[in-house]
Amino acid sequence: MVLATCTLNARQADGISVIPRPQSVTLLKGTFRASGAAVNCDPSLDAKTQQAIQRFASQLFLASGKPSSFAAAPGIVETAKAGNGRGFVFCRDSSLEPEEYTINIQPKCAIVSASDFNGFLYAIQTMKQLLPPAVYSKDAGSETLTLQCMELRDKPRFRYRGMHLDVARHFFPVEEVKKYLDIMATFKLNRFHFHLTDDQGWRVEIKKYPLLTEVGGYRSGTMIGRDFSSDDGITYGGFYTQEQIKDIISYADHLGITVIPEIDLPGHMLAALSAYPELGCTGGPYEAWHKWGIAEQVLCPGKPKTLPFLRDVLDEIADLFPSEYIHIGGDECPKVEWEKCPDCQALINELGLEDKDGVSAEQFLQNYIMTDMQNFLATKGKKIIGWDEILEGDLAEGATLMYWRGGHPEVANSGYDVIMVPTDYFYFDYYQVKDKEKAPVSIGGYLPLEKVYSFEPLNEVKPENMDHILGVQANLWTEYIPSNEHLEYMLLPRMLALCEDQWCTPENKDYDRFLKDVIEHEFKVFDVLGYSYCKEVIGDPAL
Ligand code: ACM
Ligand code: ZN
C-alpha cells in the first residue's frame, strides 16, 4: 500500500502545535489511539528512563480513564521493528545524537527512538503537546486521546538551553522552584542557573560558615516599590538547606535538567559581609541590603581569610552540585573600596599588578581572584562560568562567558566558550506589555514576546567562533518580583520564545505560527497546569 504523505515545513504544518517546533514532521494518513494503548519499552533502557516512560503511561491512564499497561519485555523492539508492534514502543537507537529523538506513529504502533535519557524525555514532551491539554492534568479525565500518524525527527540546535532564577532578591520555596523546573522541562530546556547569593540575601547553607544563612539569609527591611528612600522595616529572608538543594538537584535530574549554582563574587557580597565582616575592606558593620542596585562594599582580597573563605564555600558547592560548571559571577564589582584599602593595595604591590592598556591594577586584582577560584575548582573537576566582565584584563583559558551586556561583539568572538544572554532580548524582569499600567511594577524596560523570538544567536559571531557558542539563556532577576504568581507571569509566555531561539534552526522559526500555537494550545496547557502568565501579548499595540 502506498500511503499519501505530505512533508511540511514550519510555515505549512498547522496540523500540529508543538513548541519548540520539531525539526521535521511528515504527516501520514490515519490515526493512532493513545487512550488505553500499551506502553512498551526496550528492557535495556536504564531505570531512570523506564520510570519516565512509566510516568507517561500513568498520565495517559489518568487523562483517558483507560488503563495503559507498562511493560519492559524482551522481544518487544524486534516485534515492532518487524512491523507487528502494538501500542507505544520505546526503543534505544544509538545512531541518534544526544537529545535527538524520532517518533514514528502508525495506526497500530507508535515507535519512539532515542539514544539517551533526554532524547526519550523530549519525545514524551512532544507527544504530550500533540495530545489534548488534559494530558497535563493532575485530575482524572475521560478524554479520547488520538495521535495523527506521522514521522517526526527532532534535535536541538544548541546544547546549552538555560533559564536563570534569582532567589537572592526574593526567595522562592522549594515547591515553586520545582514548578519552575517543570515549566522548563515542558519546553526542553536543560540548564537551570540558580543565582543563590547576592547583596540582599545568601540562600544556600554552607556548613563551615553557618552565619552565611543564619545572618546573611535575612534582611531587616526592603525598599517599597521603586522608592529608594523607603523601607518597609519587615524582616525578610529564607534559605535552602543542603538537603533541600539535593532534593532540587534530583528533581531537576529526572527532568533532564542540570542545576548550575552561582556564587556571585567578589562583588554582590553584602549579605556574606553582614555575616563575616572581617572579609570586607573596612570591617563593617554591614547589613544585608534593603535596596536594589550595586553595593560598593565588596569582598576584600587583601584580608587573610577572604580567599580561603571563598575556596571553602566553593568546595562545599562543588561537592553538592554534580554540574561540571560552577558559576562564579564576576559582574558589577565596584573598585572604590579596593582603591582606598591598605590591604588591597599591599596585595596589588605584592603581586606586581599595575595599570596597563586602560585596565586598572584593581581589575587585575579581580582577575587574580577569579583565576584562583578557577584553579581551585579545576582540582574538583569543575569548570567556571562568569559574567562577561571577567574578560576584562586577564582571563585564564577554559573559562566560559555569560554574555549579558550586549553590544560587545568582542565577547562573542573572544575564543572562549560563550552563552548568549543579552539583556535587550533575555532579561525577563523587563515589562512585556507596552502599557505599563496594565502590569505589576517591574524594573522597567520593555521586552515583548516578539522581540525575544527575534533573537538570532549567531548574528554577531564570526564563522570561526560559532562552535564556541554553547547556547542561549534568559535571566529572571527578582528585585520587583515578590510572589510565585508574579514570577510565572514574567516567565510566561516569553520562555516559549526563548525555547525556540535555543532549539530551532532559523528556517524552522516563524513568529505567526509560533504565536498561534502559544495562544491556541499553550495557554490552555498553562490553564490546566495552573500557571500564571501574561495574556496581553495578543493585541499589544507594539506587535
Ligand atoms: C547582571 O545582570 N548583573 C549579570
Ligand atoms: Zn580591601
Side-chain angles (χ1 to χ4, degrees), residues 162-169 193-200 260 262-270 272-273 276-284 286 289 292-307 309-310 327-351 353 360-366 368-370 384-392 400-408 411 418-430 442-445 447 473-481 490:
M163 187 67 224
H164 151 288
L165 175 61
D166 167 15
V167 292
R169 276 49 177 270
H193 173 172
F194 208 5
H195 184 80
L196 287 163
T197 67
D198 218 302
D199 292 314
Q200 297 82 1
I260 300 177
E262 181 186 354
I263 302 296
D264 200 349
L265 66 96
H268 289 281
M269 272 283 176
L270 201 44
L273 288 173
Y276 297 97
E278 64 272 26
L279 305 177
C281 286
T282 64
Y286 305 102
W289 219 11
W292 318 130
I294 305 169
E296 288 187 349
Q297 298 99 328
V298 301
L299 289 179
C300 174
K303 299 289 187 291
K305 288 185 179 168
T306 301
L307 291 186
F309 161 81
L310 286 175
H327 199 308
I328 59 171
D331 59 324
E332 299 175 328
C333 179
K335 308 292 189 298
V336 279
E337 287 208 325
W338 293 0
E339 283 161 10
K340 288 185 279 195
C341 167
D343 298 318
C344 284
Q345 292 303 317
L347 182 57
I348 282 174
N349 276 334
E350 192 186 316
L351 296 171
L353 305 178
S360 69
E362 285 76 18
Q363 174 58 36
F364 287 117
L365 184 58
Q366 178 170 345
Y368 169 75
I369 303 169
M370 303 316 272
I384 64 155
I385 300 177
W387 300 109
D388 60 48
E389 287 97 325
I390 68 170
L391 189 59
E392 289 165 24
T400 295
L401 299 167
M402 215 166 239
Y403 178 23
W404 71 280
R405 289 181 297 180
H408 289 261
V411 175
V418 174
I419 298 157
M420 293 289 189
V421 204
T423 314
D424 287 350
Y425 294 88
F426 295 121
Y427 269 39
F428 286 2
D429 50 345
Y430 284 14
S442 116
I443 198 162
L447 175 55
Q473 175 176 294
N475 291 344
L476 195 32
W477 303 101
T478 60
E479 286 94 333
Y480 295 88
I481 305 179
M490 298 307 272

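Excluded from the calculations below are hydrogen atoms, water molecules and symmetry mates; all remaining heavy atoms, backbone and side chain alike, are included. Just follow the structure's listing: the first ligand is 1, and inside any ligand the first atom is 1.
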Nearest heavy atoms of Q363 and E392, plus distance in Å: NE2-O, 3.0 Å
Using a 3.5 Å distance criterion without hydrogens, assess whether the side chain of K340 forms a donor-acceptor pair with backbone atoms of W338. no
Considering residues, nucleotides and ligands other than E296, do more than 12 of their heavy atoms fall under 6.0 Å from its CD? no
When you look for protein heavy atoms under 4.0 Å from ligand 1, which residues do they belong to? D331, E332, W387, W404, Y427, W477
How are the rings of H195 and H164 set to each other: parallel, tilted or perpendicular (split at 30° and 60°)? tilted
Test of understanding: with salt bridge (charged side-chain N to carboxylate O under 4.0 Å, His left out), list the residues that count as partners of D198, not counting sequence neighbours. R169
Under a 3.5 Å distance rule, please check whether T400 uses its side chain to pair with a backbone N or O of V418 as donor and acceptor. no
If only side-chain N and O atoms count, and only distance matters, is there a donor-acceptor pair under 3.5 Å linking E362 with Q345? yes
How about the Zn ion (ligand 2), which protein N, O or S atoms come within less than 2.8 Å? C281 SG, C300 SG, C341 SG, C344 SG
Min side-chain heavy-atom separation Y427-W404 under 4.5 Å: yes
Excluding sequence neighbours, so at least two apart, what forms ring pair (Phe, Tyr, Trp, His ring centres under 6.0 Å) with F426? F455
